[in-house]
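Structure first, then comments.
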Amino acid sequence: MDIQTEISLVPYTTFHIGGPAKYFCVAANLEEIKQALQFANAKALEVFVLGGGSNILVSDRGFNGLVIHPQMAGLELVNEDESSVLLKLMPGEPWDTAVEYAVNHNWWGIENLSHIPGNCGGFAVQNVGAYGQEASFVVEDVEALDMETLDVINFANADCKFTYRHSIFNITDKGKYLILSTTIRLSKIPKPNLEYGDIKKYFADRQIVDPTIGQIRQAITEIRDSKFPYPAQAVNGNAGSFFRGPVISADQLKVIEAKINQDFGPDASQRLQGMLDSLKVPQGYKTPTAFLLELCGLKGYQIGGAQINLSQPAIVLNATGTATSRDVLQLKDDVLDKVKATFGIELEVEPELVGF
Ligand SMILES: Cc1cc2nc3c(=O)[nH]c(=O)nc-3n(C[C@H](O)[C@H](O)[C@H](O)COP(=O)(O)OP(=O)(O)OC[C@H]3O[C@@H](n4cnc5c(N)ncnc54)[C@H](O)[C@@H]3O)c2cc1C
């Protein structure tokens with residue numbers, strides 16, 4: 001096990017922002033992870049588990065502790081019956097490789113999650129989701145190491161307490177476990193989920209009525225790639241959606257709609273109506289965050305090198321390739337203030353802030 005010092009985290013993040021890790025360890029197996037944790041315990045260091053770095057913002061000062069980067073990769077078919085398979089995902093495997101593998105085998109359940117950056121170890125953490133599919137629909141169980149006791153614990157789906165972009169791994173037990181593997185159940189029986197407007201339009205334009213799983217993956221990758229580059233580049237680096245509103249009830253959504261109608265006119269209110277399908281999540285409705293930012297006139301708003309994305313304003317870009325975390329956080333403060341003043345809604349930051 002090799003523990004390096006003062007390693008820049010910039011190339012390990014899709015934002016391409018941040019200072020160095022005081023200590024950094026690429027761990028090839030469970031034994032190396034345990035040794036790294038013992039090293040951290042002996043020095044009373046804070047530990048951060050780094051996957052693909054696609055959902056974090058690292059401070060310009062860096063992280064004054066030990067970063068563990070699990071490298072164990074691979075996908076394993078662990079069980080199969082007539083209608084489903086159980087696929088075990090190792091934490092260092094790139095997420096999209098798992099999607100491609102499943103699609104190539106005609107296993108349904110994660111095809112709409114094509115081209116989401118990051119590694120499989122991060123999949124359960126924020127209940128990754130897009131285009132009507134999410135981790136909670138497929139996760140069978142998660143095997144994780146308690147970083148304090150070094151016990152390996154198995155969490156069934158219900159134990160993970162998945163809600164919109166949340167699980168125990170980023171709420172109640174944040175920073176407590178290192179995920180060693182995630183097993184997902186995929187269906188051999190076709191289960192296309194084509195409800196989202198962008199997907200409907202894609203297939204309508206091409207007059208495809210009953211798309212194959214391969215065609216669905218193709219559609220999702222084309223739709224996503226037209227919005228942001230995959231994989232992320234240094235210029236226009238980003239961490240996906242940076243701002244996230246609360247999940248709200250149908251009544252709360254009506255209040256927002258009335259406010260939009262009153263202050264921004266019936267056209268804006270009609271646009272909101274057109275988004276309702278894509279806002280629906282199991283617990284209610286997502287706040288239409290990107291739309292609220294647009295109505296606040298924040299598209300393209302820039303502080304230093306950090307800029308609100310023009311086509312999808314919930315995303316903050318490292319527009320110059322030289323943005324600092326300070327730029328991003330100043331921009332964040334302005335956005336939160338403006339949205340609060342205009343709509344009374346408190347947005348949250350979605351990526352984890354590391355080293356602040
Ligand atoms: C362009 C772009 C588009 C995106 N689109 C989406 C989207 O549509 N839907 C969506 O849900 N997300 C999206 N994201 C966010 C991100 O891709 C996901 O959250 C992804 O799962 C993060 O995985 P990661 O390996 O990069 O995790 P990291 O960014 O490295 O870490 C994120 C969090 O997970 C923890 N973590 C990572 N690995 C482990 C592990 N093995 N054990 C314990 N904790 C771990 C980290 O400690 C940290 O708290 C997008 C990001 C980008 C850049």
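These numbers come from the heavy atoms of this one structure, side chains and all, not from hydrogens, waters or symmetry mates. Every number for a ligand or one of its atoms is a count from 1 in the order of the listing.
- Summarising the contacts of atom 35 (C) of ligand 1 with Asn112, Val125, Leu353, Leu50, the nearest heavy atom is found in Val125.
- Heavy-atom separations between Arg224 and ligand 1 include at least one value shorter than 4.0 Å.
- Ring pair Trp95/Phe123 is parallel by interplanar angle, where below 30° counts as parallel and above 60° as perpendicular.
- A salt bridge is defined here as a Lys NZ or Arg NE, NH1 or NH2 lying under 4.0 Å from an Asp or Glu carboxylate O, and Asp146 with Lys176 meets this definition.
- Only side-chain heavy atoms of Thr14 come within less than 4.0 Å of ligand 1; its backbone N, CA, C and O stay farther off.
- The two residues Glu93 and Thr97 come nearest to each other via the heavy atoms OE2-CG2, 3.3 Å.
- For atom 32 (C) of ligand 1, the choice among Asn55, Val128, Asn309 with the nearest heavy atom turns out to be Asn55.
- In terms of polar-atom proximity, Phe123 is not counted as a contact of ligand 1, lacking any N or O under 3.5 Å from an N or O of the ligand.
- The part of Arg165 lying near ligand 1 is the side chain, judged by heavy-atom distances below 4.0 Å.
- The closest protein non-hydrogen atom to atom 1 (C) of ligand 1 is Asn238 OD1, 3.3 Å.
- Looking at Val49 against ligand 1, both its backbone and its side chain come within 4.0 Å, counting heavy atoms.
- When each atom of ligand 1 is checked for a heavy atom of Gly118 under 4.0 Å away, the hits are 23 (O), 24 (P), 25 (O), 26 (O).
- If you number the atoms of ligand 1 from 1 as listed, the ones under 4.0 Å from a heavy atom of Ala239 come out as 51 (C), 52 (C), 53 (C).
- Ion pairing of Asp141 with Lys88 is absent here, as no side-chain N (NZ or NE/NH1/NH2) approaches a carboxylate O to less than 4.0 Å.
- The N/O atoms of Gly52, backbone and side chain alike, include one that comes under 3.5 Å of an N/O atom in ligand 1.
- Geometrically, ligand 1 and Ile179 share a nitrogen or oxygen pair separated by less than 3.5 Å.
- Note on Lys188 versus Asp81: no salt bridge recorded, every NZ/NE/NH1/NH2 to OD/OE distance being 4.0 Å or above.
- Per-residue contacts place Tyr177 under 4.0 angstrom from the following atoms of ligand 1 (heavy atoms of the residue considered): 43 (C).
- A pairwise comparison of heavy atoms in Pro211 and Leu194 identifies CG-CD1, 3.7 Å as the closest pair.
- An N or O contact shorter than 3.5 Å links Glu352 to ligand 1 by distance.
- Figure legend: cation-pi geometry between Lys332 and Phe243 absent, as NZ or CZ is not positioned both under 6.0 Å from the six-membered ring centre and within 45° of its axis.
- Looking at Asn112, its side chain does come within 3.5 Å of a backbone N or O of Asn193 through a donor-acceptor pair.
- In this pair, Phe39 and Tyr23 present their aromatic rings perpendicular. The plane angle is above 60°, beyond the 30 to 60° band.
- At a 4.0 Å heavy-atom cut-off, ligand 1 touches Ile116 through the side chain alone.
- Between Asp263 and Lys259 there is a salt bridge, since at least one side-chain N of the basic residue sits less than 4.0 Å from a carboxylate O of the acidic one.
- From the protein, the heavy atom lying nearest to atom 31 (O) of ligand 1 is Ile56 CG2, 3.9 Å.
- Within the 4.0 Å heavy-atom criterion, neither part of Lys174 lies near ligand 1.
- The protein non-hydrogen atom at the shortest distance from atom 12 (N) of ligand 1 is Gln126 NE2, 3.1 Å.
- The N/O atoms of Asn119, backbone and side chain alike, include one that comes under 3.5 Å of an N/O atom in ligand 1.
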Practice problem: Report the C-alpha distance between Ile3 and Gln35 in whole Å, list the side-chain angles of each, state the deciding distance to 0.1 Å, and finish with yes or no for side chain to side chain contact (heavy atoms under 4.5 Å, CB included). | Solution: CA-CA 10 Å; Ile3 293 189; Gln35 285 171 19; over 6 Å; no

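- When Cys120, Gly51, Ala130, Ser54 are ranked by how near their heavy atoms come to atom 23 (O) of ligand 1, first place goes to Ser54.
- In terms of protein heavy-atom proximity, atom 9 (N) of ligand 1 is closest to Gly129 O, 2.7 Å.
- Set against the non-hydrogen atoms of Leu178, the atoms of ligand 1 under 4.0 Å away are 42 (N), 43 (C).
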Practice problem: With side chain to side chain contact (heavy atoms under 4.5 Å, CB included) as the test, would you mind laying out the steps for Val235 and Asn318 before giving the verdict? | Solution: CA-CA 6 Å; Val235 172; Asn318 177 356; over 6 Å; no

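- Only the side chain of Phe48 comes within 4.0 Å of ligand 1, counting heavy atoms alone; its backbone N, CA, C and O stay farther away.
- Using a cut-off of 4.0 Å between Lys/Arg side-chain N and Asp/Glu carboxylate O, Asp205 and Lys201 are scored as salt-bridged.
- Across the listed options Gly53, Gly240, Gly121, Gly53 owns the non-hydrogen atom lying nearest to atom 28 (P) of ligand 1.
- Between the side chains of Tyr301 and Asp334, at least one donor N or O lies within less than 3.5 Å of an accepting N or O.
- You'll find the side chain of Thr212 reaches within 4.5 Å of the side chain of Gln215, heavy atoms only.
- Heavy atoms of Pro351 found under 4.0 angstrom from ligand 1: none, in either backbone or side chain.
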